[in-house]
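The structure appears below as structure tokens.
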Amino acid sequence: MVFLDVGQGDATLIRLPQLTMLVDAGGSVRSNYDVGERTVVPALRAMGVRKLDVAVATHADTDHIEGLSSVLRHLPVGELWIGQRKTDDPLLGELLGVAAQRGVPVREVRRGDRVQADGATLTVLWPPGHVWSTEDNENSVALDLESGGWRMALLGDLPSDTEAALGLGQLKVLKAAHHGSRHSTGAGLLQQTAPADTVISVGRNTYGHPHPDVLERLQQAGSRVWRTDQAGTVRWPVP
């Protein structure tokens, strides 16, 4: 697992011998800086990644999916996973257009979808797909990775009530939702999962991320915190 430092945004690489997956690729709100082309693609190439089996667009937020269009333009991608296929979002529309141009199949994933590789299982936790919220965050694609009893979860920007309803069980690593927003990483989730370590993908921002309440909840839960704004890119071994 490589949690890329893309500033205030998300980009996570899952790299197994037979599966290479990129979950989101950052983006710059109200800026012309192309995080995908100038940060994510060079980082992938520096790690020797020449193609992706799967790219995942968790939900239609700039700081998550804007950079994916450039990733698809510069690297071969086997499949693009999305949750809600919004028809009125310009960024998602652009991404789907690039996928069509590059011949990348688009898969609308749902809870329970899974892929197995190298003894590991990656499972889609959310969305269920039968009903959609008017809030993009609540429609985030969330993923669970399990390998030999080791488990971690990436929760997009899901709010705390949805997180708690996933029924995750114990985790070794939690990728905190919504960059440490006070509306996510709730006490209910932490009680269920008891993560030994929590990664927060965050950069300089005006939203108050990560919120002091979240950091306090994580401290009380005994979870070590790793922040990309302090540690830079965070690498994590998958057993």
Side-chain angles (χ1 to χ4, degrees), residues 4 6 8-14 19-30 34-37 40-41 44 51-117 121-145 153-159 161-163 165-166 175 177-179 181 183-184 201:
L4 295 171
V6 291
Q8 180 66 13
D10 261 34
T12 303
L13 179 69
I14 299 172
L19 177 68
T20 304
M21 174 183 288
L22 180 67
V23 183
D24 291 329
S28 296
V29 180
R30 296 182 296 276
D34 190 331
V35 174
E37 182 174 29
V40 177
V41 170
L44 294 176
K51 66 180 182 65
L52 296 170
D53 298 301
V54 180
V56 183
T58 59
H59 63 297
D61 271 4
T62 301
D63 60 337
H64 287 253
I65 71 167
E66 185 180 49
L68 279 173
S69 291
S70 286
V71 171
L72 264 63
R73 291 187 182 103
H74 288 278
L75 292 174
V77 176
E79 196 170 50
L80 173 65
W81 288 9
I82 64 171
Q84 183 184 21
R85 186 187 285 265
K86 295 181 70 178
T87 58
D88 59 349
D89 186 89
L91 276 179
L92 183 59
E94 178 187 1
L95 177 60
L96 295 177
V98 173
Q101 293 167 8
R102 300 283 290 174
V104 179
V106 178
R107 179 179 177 186
E108 298 176 39
V109 294
R110 301 292 181 261
R111 182 176 173 90
D113 288 347
R114 57 176 46 90
V115 61
Q116 293 180 312
T121 301
L122 190 138
T123 304
V124 177
L125 302 169
W126 198 260
H130 56 272
V131 64
W132 300 104
S133 171
T134 57
E135 298 294 329
D136 287 336
N137 289 348
E138 297 179 17
N139 299 322
S140 293
V141 175
L143 302 168
D144 170 280
L145 179 63
L154 301 95
L155 302 183
D157 276 359
L158 288 180
D161 55 346
T162 306
E163 290 177 329
L166 294 176
K175 168 66 171 52
H178 204 177
H179 324 289
S181 163
H183 302 295
S184 301
S201 184

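The structure displayed is predicted, hence computed values, not measured ones.
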At what distance, to the nearest 0.5 angstrom, does [atom1] of [X] lie from [atom2] of [Y]?
X    : Y    : atom1 : atom2 : value
T162 : L125 : OG1   : CG    : 12.0 Å
L91  : S69  : CG    : OG    : 7.5 Å
L72  : L52  : CG    : CG    : 8.0 Å
R102 : L75  : CZ    : CG    : 8.5 Å
S140 : D61  : OG    : CG    : 7.0 Å
L154 : M21  : CG    : CE    : 10.0 Å

Can you find a pair of side-chain heavy atoms, one from [X] and one from [Y], that are under 4.5 Å apart?
X    : Y    : answer
L22  : L68  : yes
I82  : V109 : no
D10  : T58  : no
T123 : D113 : no
Q84  : L92  : no
V106 : V104 : no
T12  : L4   : no
L80  : L95  : yes

What heavy-atom pair brings [X] and [Y] nearest, and what distance separates the two atoms?
X    : Y   : answer
P105 : G78 : CD-O, 3.2 Å
A11  : G26 : CB-N, 4.2 Å
S70  : G36 : CB-C, 4.0 Å

- Verdict with supporting geometry, D63 and H179, side chain to side chain contact (heavy atoms under 4.5 Å, CB included): CA-CA 10 Å; D63 60 337; H179 324 289; 3.0 Å; yes

- Message: Once salt bridge (Lys or Arg N to Asp or Glu O under 4.0 Å) is applied, do any residues pair with R85, and if so which ones, sequence neighbours excluded?
- Response: E108

- Note on the structure: Contacts of D24 meeting salt bridge (Lys or Arg N to Asp or Glu O under 4.0 Å) (sequence neighbours excluded), chain-then-number -> none

Mind checking side chain to side chain donor-acceptor pair (under 3.5 Å) for [X] and listing every partner two or more places apart, or none if nothing turns up?
X    : result
T20  : none
R111 : none
D157 : H59, H64
R73  : E94

Partners of [X] by side-chain contact (heavy atoms from CB on, under 4.5 Å), sequence neighbours excluded?
X    : value
V41  : R45, V71, H74
D161 : P159
E163 : L155, L158, S160, A177, S184, T185, L189
P128 : W126, H130

- Query: Run the side chain to side chain donor-acceptor pair (under 3.5 Å) check on H183 and N137 step by step: do they pass?
  - Reply: CA-CA 11 Å; H183 302 295; N137 289 348; over 6 Å; no

- Note on the structure: residues 133-145 vs salt bridge (charged side-chain N to carboxylate O under 4.0 Å, His left out), sequence neighbours excluded, gives K86-D136, D144-R151

- Item | E79 (side chain) donor-acceptor with A55 (main chain) under 3.5 angstrom | no

